[in-house]
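Just below is one structure, and these are the notes that go with it.
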Amino acid sequence: MHKYRSHTCGELRKSHAGETIRLSGWVNRIRDHGGLLFIDLRDHYGITQIVVNPDSEFFPLAETIRSEWVVTVTGTVIERVAAAINPKMDTGEIEIGITGLEIQSAAKELALPVFGELDYPEDTRLKYRFLDLRRERIHNNIVRRSQIISSMRKRMVNEGFTEYQTPILTASSPEGARDFLVPARMHPGKYYALPQAPQQFKQLAMVAGFDRYFQIAPCFRDEDPRADRALEFYQLDIEMSFVTQEDIFQTIEPVLRGIFEEFADGKSVTKTFPRIPYLEAMLKYGSDKPDLRNPIEIVDVTDQFGDDSVSFKAFKGIVASGGSVRAIPAPGAASKPRSFFDKMNDWARKDMGAAGLGYIIFDEIDGEIVGRGPIAKFIPAEIQAQMVAKAGINGGDALFFAAGKTSTAATLAGAARDRIGHQLGLIDETKFELCWIVDFPMYEFDEKEDKLDFSHNPFSMPQGGLEALENQDPLDILGYQYDIVCNGFELSSGAVRNHKPEIMYKAFELVGYDKAFVDENFGGMIRAFEYGAPPHGGLAPGIDRIVMLLCGEENLREVTMFAMNQQAEDLLMGAPANVSPKQLRELHVRSVMPEVKKEDKKAD
RNA sequence: GGGGAUGUAGCUCAGUUGGUUAGAGUGUCGGCCUGUCACGCCGAAGGUCGCGGGUUCGAGUCCCGUCAUCCUCGCCA
């Protein structure tokens with residue numbers, strides 16, 4: 001018999017009764033009846049109950065065993081009597097009568113109990129990740145992640161894509177996120193950068209004639225992490241040649257829908273992804289990553305508040321100065337207490353930094369819809385009726401109002417839409433609602449820098465091409481740029497690329513970068529485009545976020561085997577860490593520590 | 001860097017208007033227990049109430065500062 005096991009802990013059934021077998025695993029749980037001892041033995045595959053009788057020579061040893069020890073058990077498969085069957089366990093119809101026991105590895109008192117579904121502090125979980133990962137939920141998540149990635153590969157290959165690798169040590173590129181840098185030992189003072197994405201490489205692969213590229217690509221961005229954002233993450237990176245935006249949609253939508261359907265676990269998945277222009281998304285949902293499970297749709301009521309008959313000065317002033325007012329329906333909110341509306345207002349002021357949220361509550365009285373609330377008296381019934389009609393609401397509903405500069409009002413309205421949707425329980429948790437957001441603007445005005453900037457991806461093809469760049473107001477130019485959004489999370493970003501050098505130079509010129517800058521920073525790609533570049537495009541769905549959604553989790557760490565905390569520290573491995581002076585010398589690097597605040601300065 | 005929440009036994013938590021010796025569950029240790037599967041029963045050990053200062057006759061509780069963790073804003077083309 002094999003030294004450690006003949007079967008796994010999830011394998012044995014009634015049909016094995018009478019066989020002599022050997023199992024190895026962790027002790028999940030012990031029930032000591034004094035005269036009779038039960039051990040639940042767990043491995044990756046399942047749990048099997050071991051029985052030890054007091055007349056067994058191994059009884060004294062078995063009594064010393066504790067949770068999470070690793071043991072090897074030899075024994076006979078016994079069919080349980082009817083009363084002893086545990087229908088909750090796959091192996092619940094049998095148990096193992098022990099004839100041999102070997103302790104492979106004992107365990108200290110646990111810093112983190114494996115058994116049970118309790119929540120534990122993140123730092124403890126991360127420090128003892130090897131224990132945490134033994135726990136059923138996260139263990140299953142990690143396995144599911146592997147299955148999802150495996151399915152992605154299979155689907156991509158079936159669509160005629162080929163997987164290629166691109167460098168991890170590459171050149172820093174300006175714009176975008178902060179790069180992780182790696183000192184170049186052989187080139188004092190110079191640095192490699194870890195790729196934020198293999199963007200330029202996959203485009204170069206297209207120029208090289210490979211077509212239909214994909215990669216499970218590791219990406220690195222040195223920015224502060226969030227629940228849905230990590231320093232290092234994986235993209236299903238995709239690029240195709242000789243394609244229009246429509247070709248890309250037709251190719252990728254089935255892949256992504258297929259992945260979601262395969263792992264949705266009973267939740268419904270959007271059949272045909274709606275395509276929502278960016279401007280429409282910003283108006284109706286106040287976000288470029290709308291949660292379409294939320295039925296609320298925002299409407300613009302700037303004209304209503306601008307009407308001469310309205311005397312609500314705060315909003316009239318905003319309208320007069322070119323701002324906007326957006327109305328957010330709150331279905332059924334009329335029955336909510338005053339505190340519901342006050343709290344929304346407090347939230348807008350405190351969390352959103354807004355002046356506040358106006359609101360009107362609408363009641364149906366004798367067949368007529370009548371508004372009430374602090375600002376209702378400033379708005380004539382006729383104007384209120386226009387708002388009701390525009391928002392498509394009824395008696396018993398309310399309208400919140402977000403006012404300000406158009407972009408500010410839109411964003412505030414979007415945040416309010418999310419909040420109202422959640423608080424009124426309008427979010428259908430049984431759905432994956434996917435959509436394309438299309439027609440992103442090429443440029444936006446950067447208020448802080450007081451200059452024009454790329455709003456999305458500088459390598460995208462502007463709609464209208466060179467002609468648009470030369471003749472249109474840059475802020476009106478749209479790009480062949482698109483996102484995939486699911487349940488309020490941006491899953492993917494992509495574009496038809498700009499493969500013409502003259503359009504590239506012009507696109508950069510508009511944001512203040514001259515030819516020399518482009519040549520210096522994107523020299524490889526520009527050069528490539530001068531030697532026969534195919535029209536091409538692609539996108540890059542974020543694998544971690546997809547897995548997170550499909551596992552029903554709200555944090556990437558729940559689907560990441562070895563994760564960092566929010567301070568970007570690996571508490572298990574102790575990264576980042578000091579290195580020796582010798583290592584630094586070899587790299588021609590010296591640390592310059594930040595200045596310490598005065599009161600902290602203490603001799604130690 | 002800003003905002004919010006949290007911090008009490010190995011772990012999960014309770015702890016009232018400030019008032020005697022800070023509790024429970026679980027785990028650990030000891031005893032009992034032959035059909036449990038969150039086994040049960042009895043007992044014991046286990047605490048810098050995150051840390052520092054202040055108010056007070058008296059602080060886990062109130063105040064100030066600070067640290068840590070998470071969420072979030074900035075940031076993430």
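The chains referred to below are lettered A, B, ... by the order of the sequence lines, with proteins before strands, and numbering in each begins at 1.
For U69(B), the paired base is A5(B) (Watson-Crick or G-U wobble, both distances below 3.5 Å). As the counterpart of U28(B), A44(B) is assigned, both hydrogen-bonding distances of the Watson-Crick or G-U wobble pattern falling under 3.5 Å. In a base pair of the Watson-Crick type (N1 to N3 plus N6-O4 or O6-N4) or a G-U wobble (N1-O2 and O6-N3), with each distance short of 3.5 Å, A22(B) is matched with no nucleotide.
Under 3.5 Å, the side chain of R80(A) and the base of C37(B) form at least one donor-acceptor pair of N or O atoms. In terms of polar N and O atoms assigned as donor or acceptor, the side chain of Q49(A) comes within less than 3.5 Å of the base of U36(B) in a complementary pairing. Judged by distance alone with a 3.5 Å cut-off, no donor-acceptor contact links the side chain of E68(A) to the base of G27(B). On a pure distance criterion of 3.5 Å, no polar donor-acceptor pair joins the side chain of R226(A) and the base of C70(B).
More than 12 non-hydrogen atoms from other residues, nucleotides or ligands lie less than 6.0 angstrom from CD of E502(A).
Closest to the side chain of R221(A), out of U36(B), U69(B), C76(B), is C76(B). For D123(A), whose side chain is taken as the heavy atoms from C-beta onward, the closest listed nucleotide among A68(B), G35(B), C33(B) is A68(B). Taking every side-chain heavy atom of A84(A) into account, C37(B) is the closest of C37(B), U69(B), G30(B).
Straight-line distance between the C1' atoms of U72(B) and C62(B): roughly 29 Å, to the nearest whole Å. As rounded to the nearest Å, G47(B) and G3(B) have C1' atoms that lie 33 Å from one another. Taking atom C1' in both U6(B) and G46(B), one finds a spacing of 24 Å when rounded to whole Å.
With centroids closer than 5.5 Å and planes inclined by less than 30 degrees as the test, H33(A) and the base of C39(B) pass as a stacked pair.
Using modelled atom types, one side-chain atom of E11(A) and one backbone atom of T8(A) make a donor-acceptor pair closer than 3.5 Å. Remark: side-chain polar atoms of D43(A) are paired, donor with acceptor, to backbone N or O of C9(A) under 3.5 angstrom.
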> What does nucleotides 1-12 of chain B look like as a protein-contact string, B for base, S for sugar-phosphate only, - for none, at under 4.0 angstrom between heavy atoms?
Replying inline: ---------BSS
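At A68(B), none of the side-chain N or O atoms of Q567(A) fall inside 4.0 Å of OP1 or OP2 (strictly under the cut-off). Phosphate proximity of G74(B) to R229(A): absent, as no side-chain N or O sits under 4.0 Å from OP1 or OP2. When the side-chain nitrogen and oxygen atoms of R31(A) are compared with OP1 and OP2 of U36(B), none of them lie within a distance under 4.0 Å.
Rounded to whole angstrom, the span from the CZ atom of R419(A) across to the P atom of U72(B) amounts to 14 Å.
The side-chain hydrogen bond (donor to acceptor under 3.5 Å, both in side chains) test with E122(A) is passed by exactly one of Q566(A), R557(A), K127(A): R557(A).
Listed here is the closest heavy atom pair of M461(A) and I503(A): SD-CD1, 4.1 Å.
Between T64(A) and Q566(A), the residue anchored nearer the 5' end of RNA chain B, judged by the nucleotide with its closest heavy atom, is T64(A).
Here D40(A) does not pair with R29(A) in a salt bridge; the nearest charged N to carboxylate O distance is not below 4.0 Å.
D32(A) comes within contact range of at least one nucleobase, with a heavy-atom separation under 4.0 Å.
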